[in-house]
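One structure below.
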Amino acid sequence: MRISAFPKGDLGAIVQTRTKSVYEWITEAQTLGVDGLELHTGFLPNTAPEHVRRLGDAIATAGFEAPMMCASPDFTHPDADQRRREIDAHADYMRVTREIGGAGATCRVLSGQAHPGVSRAQGIDWAAEAITELLPLARELDIVLAIENHYKASTWAYPEFAQRPDVFLDLVERIPDRVNFGVQFDPSNALVAGVDAADFLEIVIDRVVTMQASDRFLAPGANLEDLRQADGTIGYSPDLKHGVIGEGLNNYDRIFATLASNGYDGWISIEDGVNGLDEMRASADFLRDARDRWFGGSTAVHVRAHEAARQALEFID
C-alpha cells in the first residue's frame, strides 16, 4: 500500500483565490513522509505543455509519484453543449494524468451535479454515455477512470447527482469495463451519504481501484440521526467536523480488514489538513501504522481484482 496526500485544507487558497502556490504545497508535503501527491485540475492555470511539464518536474524532483488526478466533470448538465464541453475538458485532464502520473494512474470521474429537473434515469444515461465515450482514450493512454462516491465539488451549485448509494451503484453497473474503469472509495463521503462506510466498501470492493482517506467527528450535542435529511443523506453539516484519520466515526479497522482480505494493496490518498498540516502528519502516521499492521509493510501497488481483469483481457486479446 502506498500513501498519497491531497491538500484539502488549502484547496481554496491554491485553486480559487490563488493565494498559495501548488509549489509551496509540494515543499510542505515533503515533511509528511508520503509516497505520492494527488493532483487536482485546478493546480494548473491551463493544460498547456509548459505548465504540465513544470508541475510534473516539481513533483518528481521532490521525490513523489502522482498516482491520482482529482477532476470534477459535470456530465449531468441539462445543456447538451455544456456536456460536450465537460467531456472534451475531461479528455484534456486525462492526458495530463498520463503525462504526470504515467501508465496506470487514475483520473477521477463523477456523475455530475443534481441539477433541478434532471430525472434519475436521464442523469444516469448522460453520465454513463460520457464515461463510456472517454473509455477508448483511457485505454489508449493506459490510465484508469475512477468514479468516486462523492458529495459536492467546491465550485458546484448542487450536490452530486449520484450521491445516494443506490444511484451510484446503478451508474457503476452501467459501465462493465473493469480494466480502465473502477471506483475511488471515500469512506467519509459514504458517511455523508447516510450509510456506514465499511458496509458500503463491502458492496463495491471488487471495483475499487483507489481510495481517499479522511475522517469525520460529530460536534458536541450532535448525532447522525438528527443530521439525516428526508432522502437519508447527511450532507456537509457544520456539525460534522474534519479531523485526524482513525480518530473519528469511520471504522478503519473494518475498512482495512476488508481491503486486505480482498487483495487491495493500492494507493490510499489522505484528504486532510483542514485543521492544519500537523493533523495531516498525524493522519500520515496513522496510515503508515496501518500499512504495517494490515499490509505487512508492503509498498507495492497491487489490486487483485483490477489485475485479474487486466489479465483476462490480455488472454482474450
Side-chain angles (χ1 to χ4, degrees), residues 4-30 34-77 79-110 112-113 127 130-148 150 153-157 180-181 184 210 212 267 269 271 273:
S4 181
F6 182 74
K8 177 75 172 179
D10 287 331
L11 202 58
I14 297 172
V15 172
Q16 294 175 313
T17 64
R18 302 288 183 183
T19 53
K20 182 171 183 172
S21 163
V22 65
Y23 301 100
E24 293 177 79
W25 153 243
I26 293 170
T27 299
E28 290 177 353
Q30 290 180 289
V34 297
D35 309 296
L37 299 182
E38 181 180 350
L39 302 170
H40 187 281
T41 57
F43 289 172
L44 296 162
N46 56 61
T47 57
E50 61 269 24
H51 296 303
V52 176
R53 280 195 299 271
R54 183 188 177 201
L55 180 58
D57 288 347
I59 290 170
T61 299
F64 295 118
E65 297 178 66
M68 301 154 66
M69 168 71 83
C70 181
S72 302
D74 186 6
F75 295 145
T76 54
H77 198 285
D79 182 82
D81 290 339
Q82 182 59 35
R83 292 198 302 277
R84 169 46 51 194
R85 287 190 287 271
E86 296 284 337
I87 293 170
D88 292 344
H90 200 76
D92 286 342
Y93 291 126
M94 290 167 64
R95 296 182 182 96
V96 173
T97 301
R98 172 58 201 243
E99 176 70 21
I100 299 179
T106 62
C107 183
R108 186 177 81 168
V109 288
L110 302 172
Q113 300 184 62
I131 294 169
T132 300
E133 181 179 332
L134 289 165
L135 281 173
L137 178 60
R139 286 190 284 272
E140 176 187 327
L141 296 172
D142 194 16
I143 64 169
V144 181
L145 298 177
I147 187 166
E148 182 181 335
H150 185 240
S154 59
T155 57
W156 284 6
N180 296 102
F181 175 77
Q184 176 167 288
T210 50
Q212 291 268 21
W267 283 96
S269 185
E271 188 178 274

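Position 1 is the first residue of the sequence, and the numbers go up from there.
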Residue pair Phe43, Val15: steps toward the side-chain contact (heavy atoms from CB on, under 4.5 Å) verdict: CA-CA 6 Å; Phe43 289 172; Val15 172; 4.3 Å; yes
Trace of the side-chain contact (heavy atoms from CB on, under 4.5 Å) decision for Thr155 with Gln16: CA-CA 9 Å; Thr155 57; Gln16 294 175 313; 3.9 Å; yes
Ile59/Leu39 under side-chain contact (heavy atoms from CB on, under 4.5 Å): CA gap, chis, key distance, verdict: CA-CA 10 Å; Ile59 290 170; Leu39 302 170; 3.4 Å; yes
Candidate pair Phe181 and Thr132, rule side-chain contact (heavy atoms from CB on, under 4.5 Å), full reasoning: CA-CA 9 Å; Phe181 175 77; Thr132 300; over 6 Å; no
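Atom CE in Met68 sits 9.0 Å away from atom CH2 in Trp267 (nearest 0.5 Å). Rounding to the nearest 0.5 Å places CD of Glu133 at 10.0 Å from CG of Leu135. For the atom pair Leu110 CG and Trp156 CH2, the distance stands at 4.5 Å (nearest 0.5 Å). One finds the OG atom of Ser154 at 7.5 Å from the NZ atom of Lys8 (value rounded to the nearest 0.5 Å). Taken from CG in Leu37 to CG in Leu55, the straight-line distance is 9.0 Å, to the nearest 0.5 Å. Note: Arg85 CZ to Asp79 CG = 6.0 Å, rounded to the nearest 0.5 Å.
Closest approach of Gly42 and Arg18 over heavy atoms only: O-NH1, 2.9 Å. Of all heavy-atom pairs spanning Ala127 and Phe75, the tightest one is CA-CB, 3.9 Å. Considering all non-hydrogen atoms of both residues, Ile100 and Gly56 come closest at CG2-CA, 3.9 Å. Taking all atoms of both residues into account, the shortest heavy-atom contact from Val144 to Gly104 is CG2-O, 4.4 Å. Met69 approaches Thr97 most closely through the heavy-atom pair CB-OG1, 3.2 Å. Of all non-hydrogen atoms in Thr106 and Ala146, the two that sit nearest each other are CB-CB, 4.2 Å.
A ring-centre distance under 6.0 Å is not found for Trp25 and His40.
A side-chain donor-acceptor contact under 3.5 Å links Ser4 to the backbone of Gly36. Side chain of Asn180 to main chain of Ile143: a donor-acceptor pair is present (N/O by atom type, distance under 3.5 Å, no hydrogens or angles). A donor-acceptor distance shorter than 3.5 angstrom exists from the side chain of Thr76 to the backbone of Gln113, with no hydrogens or angles considered. A donor-acceptor distance shorter than 3.5 angstrom exists from the side chain of Glu86 to the backbone of Asp74, with no hydrogens or angles considered.
Note on Asp92 versus Arg95: salt bridge recorded, some NZ/NE/NH1/NH2 to OD/OE distance being below 4.0 Å. Using a cut-off of 4.0 Å between Lys/Arg side-chain N and Asp/Glu carboxylate O, Lys20 and Glu28 are scored as salt-bridged.
Inter-residue side-chain proximity for Cys107 and His90 is flagged as met; some heavy-atom pair is nearer than 4.5 Å. Looking only at side-chain heavy atoms (C-beta outward), Arg98 and Met94 stay at 4.5 Å or farther from each other.
By the 6.0 Å contact criterion, CZ on Arg84 is enclosed, its count of non-hydrogen atoms from other residues, nucleotides or ligands being greater than 12.
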